[in-house]
Amino acid sequence: MKIINIKTWVLGAIVLASASGCTSELDQYNQEKLGGPENFYADFKLVVDPLVSMQRGLQSDYQLYPNLSADMFSGMFSTASQFNGGKNNMTYYMMDGWNNRIIARQQDIFNYSINMDNAAKNIYKGIDFKGTLAVKKILRVITAARVSDNHGPVVYSKYDTPNANGTTDFDSQQNAYNQFIIDLTSAVNDLQAIQNSPATQNVEDKSALKKADLVYQGNMGKWAKLANSLKLRLAMRMSYADPAKSKQYAEEALASSAGLITENEDNALISVGQSELSFIIYSWGDCLIGAPLMAYMNGYNDPRLPAYAIPATDTNPQINGKYIGIRQGIDLLNGKSTYGGFSQPQAKSANGDYFSATDGKMKLFTAAETWFLKAEAALRGYAGAGGIQADYEAGVQQSFGEWGKSASVAAYLANTTATEAPYVDPKNADNNIGVGHPELSTITIAWNNADSNERKLERIITQKWLSLYPNGPEAWAEQRRTGYPILFKVRQNDSGGLISTDAMIRRIPFTVDTKNSLFNYPQALQYLGGADTGGTKLWWDKKP
């Protein structure tokens, strides 16, 4: 069922008034809510405000999603909090009341999108907001792709057009991905058209975007790069499920005149003001660093480590002052009193604190990801991807630059021996992962042309995963698609046999809210092609 919020209702009333010629009501609304007609039209608030809300909405209810799901499943984060008595998402007991925020957030964001469309069509008649609406289209793709990467089938292309009986149809994940590519390509074209127009043209469009843009401050060329880079990301996500289209779409992105995000100055970071992680981590103490992330970084003696995590404060000399994470899916014993002194996450980049309580950033896409995508594309023989080793090393270099560690990158890339460190849990030795354990990776850092293609892929994706921090949803998606990096499996599995400990969680089931809504759940179940559990693989999850 679509959640029609107050803002949607108010705008609908305005549009109706406008269409019926009731200008007095519209004038009154302008005066009372928007500061007068001159502000209403000059600032384009009914286009600007929803676009701002779409961007900010990507981090709303962050603890429920993605922190207590995708963030944890990615291996980057963990918790010492015994939610639901220690039986929850982290132990594969799916928490319906947490997971319902995945689609609820999409509904909020998509309803803001409808507001924009209605305002552009009915309030600001005669003004072409092509560029601003292209940015809105990109945000819709980002939002829906995350929903799809969690659930599989997603309400996307039909969201704005319910059936006559009130139900709204899903897209299969395969069809959704193809539509995402179409929409991103369209957005690139529209943004380039406006970017290349004379300064005296499309003035209103450029002005509206500049007021609304929390990422690039109105730079349409950079938004086009982001859209094209997202196209490359989604193309590579399809690599096992549809190799032909993966190659086609990736090569289109690699050849596009829009370019890709290849330098950190073009990184896509939403300025969110207060990062919700600032209070989840530092005020509530509900989020700590993941054991796999610390094991890799400790083993590699990774210079980015102090930017990613805070040394542990536990008084135990085996823990205090060290970088140590918590393994997911374990018996937390007495919760925070046992594990609360392990390392906390942080994100101190070269350009500011992503988890700041006043000037936080939400990471959408960075230059490092582009280079690792290119490295994998080159490994698969895609045209225009460049050299595998050069791309791989550029990815590491850009990541080090993002975190202010460029001076250390040459030595890091030359390291031929370092591997993931064994994991030791001083609180419970049963959680240890020792040398020779199959859940401990042996992949090294330095490029080796003599390696098999599979080992080269593991090296690329492991370093890509490290660079994606703190973007848990993207890291979890790539880990499921490729199997890398190798992560620690849960020790406590409360799924009742619905999720395999060895195969690990593959998706998040639809929640009761969706099943009881006007979204066509039986259709989604048909598209899913399996049981609506966390053990069913998504369409793109096809690696042999």
Side-chain angles (χ1 to χ4, degrees), residues 63-99 150 280-281 284-296 312 314 316 318-319 324-345 420-434 437-441 472-473 475-476 479-480 483 485-509 511 531-537:
Q63 183 174 40
L64 297 184
Y65 176 77
N67 192 241
L68 290 175
S69 53
D71 278 356
M72 304 292 172
F73 303 148
S74 74
M76 290 181 170
F77 298 90
S78 192
T79 184
S81 299
Q82 294 176 297
F83 299 107
N84 196 43
K87 185 178 178 181
N88 51 58
N89 280 356
M90 276 62 76
T91 65
Y92 293 171
Y93 182 85
M94 295 289 96
M95 299 291 287
D96 201 88
W98 296 358
N99 299 332
N150 282 279
I280 295 168
I281 298 170
W284 301 345
D286 282 341
C287 180
L288 291 145
I289 206 74
L293 182 61
M294 293 297 94
Y296 277 101
D314 191 292
N316 184 325
Q318 291 182 273
I319 303 172
I324 180 169
I326 302 174
R327 188 173 170 182
Q328 181 202 329
I330 62 170
D331 181 352
L332 290 167
L333 304 175
N334 294 313
K336 289 182 182 179
S337 63
T338 303
Y339 285 98
F342 280 45
S343 291
Q344 290 182 315
E420 181 184 13
Y423 177 67
V424 177
D425 182 352
K427 302 292 185 178
N428 185 353
D430 289 342
N431 297 326
N432 292 354
I433 303 286
H437 195 288
E439 293 169 33
L440 197 71
S441 175
W476 182 42
Q479 199 281 331
R480 285 176 288 159
I486 296 171
L487 299 179
F488 306 153
K489 296 170 183 175
V490 300
R491 296 196 64 247
Q492 179 179 329
N493 187 330
D494 292 317
S495 71
L498 298 177
I499 302 172
S500 163
T501 298
D502 287 336
M504 306 176 76
I505 185 167
R506 311 311 297 179
R507 63 180 289 272
I508 295 175
T511 65
D532 186 8
T533 69
T536 296
K537 290 186 174 184

State, yes or no, whether a side-chain contact exists between [X] and [Y] at a heavy-atom distance under 4.5 Å.
X      : Y      : value
Glu420 : Ile433 : no
Thr536 : Arg507 : yes
Pro422 : Asn432 : no
Met76  : Asp71  : no
Met504 : Leu487 : yes
Asn89  : Met94  : yes

With sequence neighbours left out, what residues match Phe342 under ring pair (Phe, Tyr, Trp, His ring centres under 6.0 Å)?
Tyr339
How would you list, by chain and number, every residue that makes a ring pair (Phe, Tyr, Trp, His ring centres under 6.0 Å) with Tyr423, sequence neighbours excluded?
Phe488
If you compare all heavy atoms of [X] against all heavy atoms of [Y], which two are closest, and at what distance to 0.1 Å?
X      : Y      : value
Pro509 : Gly534 : CG-N, 3.7 Å
Ile324 : Ala312 : CG2-CB, 3.8 Å
Gly285 : Ser81  : O-OG, 4.0 Å
Asn67  : Cys287 : ND2-SG, 3.5 Å
Leu68  : Phe83  : CD2-CE1, 3.7 Å
Asp286 : Thr79  : O-OG1, 2.7 Å

Can you tell me how far apart CE (Met72) and CG (Leu288) are? Round to the nearest 0.5 Å.
8.0 Å
Here the gap from Tyr65 atom OH to Ile508 atom CD1, rounded to the nearest 0.5 Å, amounts to 6.5 Å
Without hydrogens or angle criteria, can the side chains of Asn493 and Ser495 be said to hold a donor-acceptor pair below 3.5 Å?
yes
How are the rings of Phe73 and Trp476 set relative to one another: parallel (under 30°), tilted (30 to 60°) or perpendicular (over 60°)?
tilted
Counting distance only, does the side-chain N/O of [X] pair as donor-acceptor with the main-chain N or O of [Y] below 3.5 Å?
X      : Y      : value
Glu439 : Lys489 : yes
Asp425 : Asn431 : no
Gln492 : Tyr92  : no
Gln328 : Met90  : yes
Arg506 : Thr533 : no

Please assess Leu332 against Ile326 for the test side-chain contact (heavy atoms from CB on, under 4.5 Å), listing each intermediate value before the final yes or no.
CA-CA 9 Å; Leu332 290 167; Ile326 302 174; 4.1 Å; yes
Show your working on side-chain contact (heavy atoms from CB on, under 4.5 Å) between Trp98 and Ser69 and close with a plain yes or no.
CA-CA 9 Å; Trp98 296 358; Ser69 53; over 6 Å; no
Apply the side-chain hydrogen bond (donor to acceptor under 3.5 Å, both in side chains) test between Lys427 and each candidate in Thr338, Asn316, Asp314; give the one that qualifies.
Asp314
Please determine whether a side-chain nitrogen of the Lys or Arg among Arg491 and Asp331 lies less than 4.0 Å from a carboxylate oxygen of the Asp or Glu.
no
Could you go through the side-chain contact (heavy atoms from CB on, under 4.5 Å) check for Thr91 and Val490 one step at a time?
CA-CA 7 Å; Thr91 65; Val490 300; over 6 Å; no
